[in-house]
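Heads up: the structure comes next, in structure tokens.
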Amino acid sequence: MELGKANILSAKLTKYDRRANSFEYEILFEAGGVKKKIVNTGTPGRVEPIVAGIVKEIKNMSKVSVDLWDNSTLDTFSKIDDEIIDNAERKLGLFFKRVNDKIAAVKQNKSADGYLNTYTSIAGYSMNF
């Protein structure tokens, strides 16, 4: 899925800590032919702030420097289509909703049967776009 000149390739949950109620994720994307990675932490719950932060960070990482007539520079964004942003937000939102569902399943599990497998399966969950 393309975000302006940035193409989001995958999202992966790398760590989950139940005691701290947090997780670490990485987003792999390509901008200008160069693969880049965003590694950040989040907490289960509302998905929208996490997705908005990712989109904002990708926009900031894909700024283009433009030289003006008076030899000064102005940082600008490449043109980004609203439909492409909506698609990226929708797919990233789906990823983080699934992460929330997996975490909720672990927290609601009352049985020792399969608990450890369920808990360890959270870290490593990924989605390719």
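Numbers here simply count residues along the sequence, with the first being 1. Hydrogens, waters and symmetry mates are skipped; everything else that's a heavy atom, side chains included, is used.
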Measure the shortest side-chain to side-chain distance between Glu89 and Val55 over non-hydrogen atoms and say whether it is less than 4.5 angstrom. yes
Path from Ile103 to Leu94 over hydrophobic side-chain contacts below 4.5 Å: yes
Distance-only, no hydrogens or angles: does the Thr14 side chain make a donor-acceptor pair with backbone N or O of Glu24 under 3.5 Å? yes
Using a 3.5 Å distance criterion without hydrogens, assess whether the side chain of Asn128 forms a donor-acceptor pair with backbone atoms of Ser10. no
To the nearest 0.5 Å, atom OG1 of Thr43 lies from atom CG of Asn100 at 8.5 Å
Note, Met127 side chain near Arg98 side chain (heavy atom, < 4.5 Å): yes
Which distance, rounded to the nearest 0.5 Å, do you find between the CD1 of Ile58 and the CD1 of Ile27? 7.0 Å
Just verifying a value: how many Å separate Ile122 CD1 and Leu13 CG, rounded to the nearest 0.5 Å? 7.5 Å
Over all heavy atoms of both residues, which pair between Val39 and Glu26 is shortest? Give the atoms and the distance, please. CG2-CB, 3.9 Å
Would you say the ring centers of Tyr125 and Tyr16 fall short of 6.0 Å from each other? no
If you define the side chain from C-beta out and look only at heavy atoms, does anything of Leu9 sit under 4.5 Å from Lys35? yes
Short side-chain donor-acceptor distance under 3.5 Å, Lys107 and Asn21: yes
Does any non-hydrogen side-chain atom of Phe129 lie less than 4.5 Å from one of Leu92? yes
Which value, rounded to the nearest 0.5 Å, describes the distance between Arg90 atom CZ and Lys97 atom NZ? 10.5 Å
Test item: Lys102 and Thr118 side chains (from C-beta on) under 4.5 Å apart, heavy atoms: no
Do the side chains of Tyr25 and Thr41 get nearer than 4.5 Å, heavy atoms only? no
Separation of Ile8 CD1 from Glu30 CD (nearest 0.5 Å): 12.0 Å
With side chains defined as the heavy atoms from C-beta onward, is the minimum distance between Phe23 and Phe96 less than 4.5 Å? yes
